[in-house]
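Below: the structure, in structure tokens.
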Amino acid sequence: MRFNDAIVGALFILLAGAMIALTFSFPPFPGQKYGPSLFPRIIASGIILCSAMLVLRGLKERHEAGSPWLGLAEWMHKPHRLASFALMMAAMVFYILASEPLGFILTAFLIQLCLFLWFGVRPVTALIVAGVMTGLVQYFFGSLMRVPLPRGILDSIL
């Protein structure tokens with residue numbers, strides 16, 4: 001599906017407005033003119049500005065070319081591409097369900113391996129790249145950024 005840019009822009013304006021509204025509940029820093037609400041408000045303001053341009057472009061496109069508010073993209077008529085989309089959604093659901101019991105390393109490796117093979121990467125290349133990328137992501141987020149990634153069945157090893 002393809003939504004007109006005016007619809008997408010309007011939704012992002014609403015989202016950014018909600019972000020700004022939520023920042024009013026942030027506590028201020030004592031003795032400072034700015035606090036934790038400043039950065040989210042700056043980001044939300046940028047989103048509103050860019051989204052307003054999207055809305056204008058979408059309205060202009062609809063007025064000039066008569067494009068629909070909602071249309072089916074060409075890829076949606078091809079079964080293989082629909083299956084690829086469904087597989088990506090299934091990979092996300094699999095990560096949510098399997099990352100705690102299996103751990104990040106095994107789950108990420110399996111997801112990447114399956115996706116690489118589905119998209120036509122040679123098996124040896126898929127194994128190597130999935131292993132290397134899983135290791136790099138684990139190192140970056142787990143060690144450098146100190147994000148607590150699930151260990152799962154590898155808990156006693158890690």
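Computed from heavy atoms alone, side chains included, the values below leave out hydrogens, waters and symmetry copies.
Side-chain contact check for Val129 versus Val121: every heavy-atom pair is 4.5 Å or farther apart. Leu127 is listed as a side-chain neighbour of Phe109, based on a closest heavy-atom distance under 4.5 Å. No side-chain heavy atom of Leu154 sits under 4.5 Å from any side-chain heavy atom of Phe104.
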For Ser37 and Phe24, run side-chain contact (heavy atoms from CB on, under 4.5 Å): C-alpha distance rounded to whole Å, both residues' side-chain angles, the deciding distance at 0.1 Å, then the answer. CA-CA 7 Å; Ser37 62; Phe24 287 106; over 6 Å; no
Would Ile13 and Val55 count as a side-chain contact (heavy atoms from CB on, under 4.5 Å) here? Give the steps. CA-CA 9 Å; Ile13 288 173; Val55 168; 4.2 Å; yes
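Within 6.0 Å of NE2 on His77 lie more than 12 heavy atoms contributed by other residues, nucleotides or ligands. Heavy atoms from other residues, nucleotides or ligands lying under 6.0 Å from CZ of Phe12 number 12 at most. Atom CZ of Phe26 has more than 12 neighbouring heavy atoms from other residues, nucleotides or ligands inside a 6.0 Å radius.
Taking OH of Tyr34 as the reference point, atom CZ of Phe39 lies at 13.5 Å (rounded to 0.5 Å).
Closest non-hydrogen pair, Ile48 versus Gly17, comes out as CD1-N, 4.4 Å. In plain terms, the two heavy atoms of Thr107 and Ser99 that are nearest each other are OG1-CA, 3.5 Å. For the pair Gly142 and Leu149, the tightest heavy-atom approach, listed with the atom from each and the gap, is N-CD1, 4.0 Å. Counting all heavy atoms, side chain and backbone alike, Ser51 lies closest to Gly9 at CB-O, 3.4 Å. Summarising the geometry of Gly58 relative to Asp5, their closest heavy-atom pair is CA-CB, 3.9 Å, with the distance given to 0.1 Å. Residues Phe116 and Ala130 share a closest heavy-atom pair of CE1-N, 3.8 Å.
In the hydrophobic cluster analysis, where Ile, Leu, Val, Met, Phe, Trp and Tyr join through side-chain heavy atoms closer than 4.5 angstrom, Phe94 is grouped together with Leu87.
Residues that satisfy the side-chain hydrogen bond (donor to acceptor under 3.5 Å, both in side chains) test with Arg41, not counting sequence neighbours, are Thr23. Partners of Thr134 according to the side-chain hydrogen bond (donor to acceptor under 3.5 Å, both in side chains) rule, which considers only residues two or more places apart in sequence or in another chain, are Gln112.
Of the possible polar contacts, one joining the Ser84 side chain to the His80 backbone as a donor-acceptor pair under 3.5 Å is found.
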